[in-house]
There are 2 protein chains.
Amino acid sequence: MTHILVIDDDRQLLRALRIALTARDYAVTLAQDGTTGLAAAQRTPPDLTIVDLGLPDMDGVAVVQALRGWATAPIIVLSARHTEQAKIDALDAGADDYVTKPFGVGELLARIRAALRRATPTEQAPVIATAAFTVDLGTKRVTLADGTEARLTPTEWHLLEILVRNPDRLITQKYLLQEIWGPRYERETNYLRVHMGNLRRKLEPDPSQPRYLRTDPGLGYRFMPDE
Amino acid sequence: MTHILVIDDDRQLLRALRIALTARDYAVTLAQDGTTGLAAAQRTPPDLTIVDLGLPDMDGVAVVQALRGWATAPIIVLSARHTEQAKIDALDAGADDYVTKPFGVGELLARIRAALRRATPTEQAPVIATAAFTVDLGTKRVTLADGTEARLTPTEWHLLEILVRNPDRLITQKYLLQEIWGPRYERETNYLRVHMGNLRRKLEPDPSQPRYLRTDPGLGYRFMPDE
DNA sequence: GTTCGCCGTCAAGAAAGCGTCAAGATCACG
DNA sequence: CGTGATCTTGACGCTTTCTTGACGGCGAAC
């Protein structure tokens, strides 16, 4: 059954959503603030998350960012704010949709259907192995050839995850920057160079001669698995 | 470059969108009614389509359905209608998002980014093969007949990609210059000669007697596949 | 036969991109 | 409030790539 997590502090809205969603045969989890919501998401990862921007303990955008750190399931943001900048910020933080209150339940359900429809149904094998290191996307760990574990920073992990999920494929600098830092950082190719350098130092057998994390000058980077 | 198709009959809006989108480095195609829009989509499938619900010749929902018949690229619906049922119908027809007029351009751009972000990066990877080299447009790689990989510069790749996507078809110098360097460089045919020469040196079995990258004197170039 | 336009080639200087380093700035945590 | 980890930011050499101008070959027009 499709599992939906709702993070909102409006008890009345929570109740209405619970009824509407369970009636449509969704499994629903409710949370009234950001911290419990994130905890619930980590305990049992939902197939879709609905987040209110106006939470008592933290900003909704922060919740979206935290979720996007490890989850790929769709996120729909609810808000009473109508300002354009709020929408832009939430969407750029990684939200899939933004619905302004008040809204019709029917519309929200339709947007949920739309978001679920395009969600990748196939969670592929989350372990990528090379001769030099092994990446476990499930447990978020990288093990080196000698058995020791590589300690990656959040940014490094994010970078590695994108590359490793698309073996052999060229990932453009623009895409990486947008995905990791947001569209405003499209031109900060400095960031990429620094973090890619750190990543190579931790993973590559010979960091000065990258074997797995290759640069395509002027275009981007790519992860090259063993033959 | 990411390609966006806009189907709308509001000339003023079309103009505004064209300006905003091209400024963000999107390639834009405009259509003023459903039939020409669908034809344009079929001719060169866009990476994202924006459809107005109120078209002169057909209902926007019908356009969405027609597109969804064969295309998987994201669709964003624009509409002045605020009724909930209209939104539900459009979303259930296969639209990815629904934006009600009037809207801010910034918001639309953010929604475009969101839609493109989650678009399946696993779009089918066309591979063009000849006896001398193989071009993989998905991974952006060129392999020579002897199995080695050809290292192309960004400009060379750009040039090759355009030609190879249009086998047997003549591509004018003007088009190539506009596409790669921008409209101001229409007369710099020097650039083409130099880079085409480099490309031939890397790909052609006998660079002085081009077999695949042919010159049509005075007109332009064309890629000629085997047989 | 000459002239003209167009093309391919070459080489040198200019520009841009890359990896690296190190010094602040920022943040999380105790 | 201090500490350590992480991220940002700027600078530096180095290499690759692009631009730019010049040259000669070739064919068509005259």
Side-chain angles (χ1 to χ4, degrees), chain A residues 34-35 38 57-59 61-62 65-66 69 140 142 149-160 163 170-174 176-177 179-182 184-204 206-222, chain B residues 140 142 149-160 163 170-174 176-177 179-182 184-222:
Chain A
T35 40
L38 288 175
D57 59 337
M58 57 197 293
D59 186 29
V61 173
Q65 280 171 335
K140 291 186 113 35
V142 182
E149 190 185 336
R151 287 178 34 89
L152 300 190
T153 71
T155 308
E156 286 160 14
W157 175 261
H158 207 158
L159 194 52
L160 180 64
L163 291 171
L170 170 75
I171 313 292
T172 63
Q173 306 181 3
K174 195 169 139 185
L176 288 170
L177 288 165
E179 194 67 18
I180 301 178
W181 286 275
R184 271 189 281 273
Y185 294 78
E186 250 179 34
R187 310 235 163 65
E188 302 285 351
T189 56
N190 249 353
Y191 295 9
L192 281 182
R193 295 208 296 278
V194 172
H195 290 287
M196 186 65 67
N198 295 336
L199 207 46
R200 280 172 177 151
R201 208 164 304 123
K202 291 181 182 179
L203 300 184
E204 288 278 358
D206 178 2
S208 65
Q209 299 248 317
R211 156 74 182 83
Y212 298 103
L213 304 174
R214 201 180 82 172
T215 302
D216 278 52
L219 297 171
Y221 296 87
R222 78 173 76 209
Chain B
K140 287 200 196 301
V142 182
E149 191 183 337
R151 286 176 28 94
L152 300 189
T153 72
T155 309
E156 287 159 13
W157 175 260
H158 207 157
L159 196 51
L160 179 64
L163 291 171
L170 169 72
I171 313 292
T172 64
Q173 305 180 358
K174 193 170 141 187
L176 288 170
L177 288 165
E179 190 68 18
I180 300 178
W181 285 274
R184 266 198 291 266
Y185 294 77
E186 254 180 31
R187 308 228 166 66
E188 303 283 353
T189 56
N190 249 355
Y191 294 8
L192 280 183
R193 295 208 296 276
V194 172
H195 290 286
M196 187 64 68
N198 295 336
L199 205 47
R200 281 172 175 151
R201 206 164 307 123
K202 290 181 181 179
L203 300 184
E204 289 279 359
D206 178 2
S208 64
Q209 299 251 315
R211 156 76 182 81
Y212 299 104
L213 304 173
R214 205 179 78 177
T215 302
D216 280 42
L219 299 172
Y221 297 86
R222 76 174 74 205

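Every chain is numbered from 1 and lettered A, B, ... according to where its sequence line falls, protein lines coming before strand lines.
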Length of the [atom1]-[atom2] vector between [X] and [N], whole Å:
X	N	atom1	atom2	result
B/Glu156	D/dC18	CD	C1'	10 Å
B/Arg214	C/dG8	CZ	C1'	17 Å
A/Asn198	D/dT6	CG	P	10 Å
B/Leu159	D/dC18	CG	C1'	14 Å
A/Met58	C/dA28	CE	P	10 Å
B/Gln209	C/dT9	CD	C1'	15 Å
B/Ile180	D/dT19	CD1	P	10 Å
B/Trp157	D/dT17	CH2	C1'	18 Å

How far apart are the closest heavy atoms of [X] and [Y], and which atoms are they?
X	Y	value
A/Leu38	A/Met58	CD1-CE, 4.1 Å
B/His158	B/Glu179	CE1-O, 3.9 Å
A/Trp157	A/Lys140	NE1-NZ, 2.6 Å
A/Leu170	A/Arg222	CB-NH2, 3.7 Å

Find out whether [X] and [Y] are in side-chain contact, i.e. whether some heavy atom of one side chain is under 4.5 Å from a heavy atom of the other.
X	Y	value
A/Val142	A/Glu156	no
A/Tyr221	A/Leu176	yes
B/Trp181	B/Leu192	yes
B/Leu160	B/Leu203	yes
A/Lys202	A/Thr153	yes

Look at [X] and [N] and indicate whether a side-chain polar atom (N or O) is within less than 4.0 Å of OP1 or OP2.
X	N	value
B/Tyr191	D/dT20	yes
B/Trp181	D/dC18	no
B/His195	D/dT17	no

For DNA chain C, list all stems, counting runs of three or more consecutive pairs where every pair is Watson-Crick or G-U wobble with both distances under 3.5 Å.
C:1-30 with D:1-30
Could you run down the sub-3.5 Å N/O contacts of the protein with nucleotides 16-20 of chain C?
residue: C/dC18; atom: OP1; partner: A/Gln173; partner atom: NE2; Å: 2.8
residue: C/dC18; atom: OP1; partner: A/Gly218; partner atom: N; Å: 2.9
residue: C/dC18; atom: OP2; partner: A/Gln173; partner atom: NE2; Å: 3.1
residue: C/dG19; atom: OP1; partner: A/Arg200; partner atom: NH1; Å: 2.8
residue: C/dG19; atom: OP1; partner: A/Thr215; partner atom: OG1; Å: 2.5
residue: C/dG19; atom: OP2; partner: A/Tyr221; partner atom: OH; Å: 2.9
residue: C/dG19; atom: N7; partner: A/Arg193; partner atom: NE; Å: 2.8

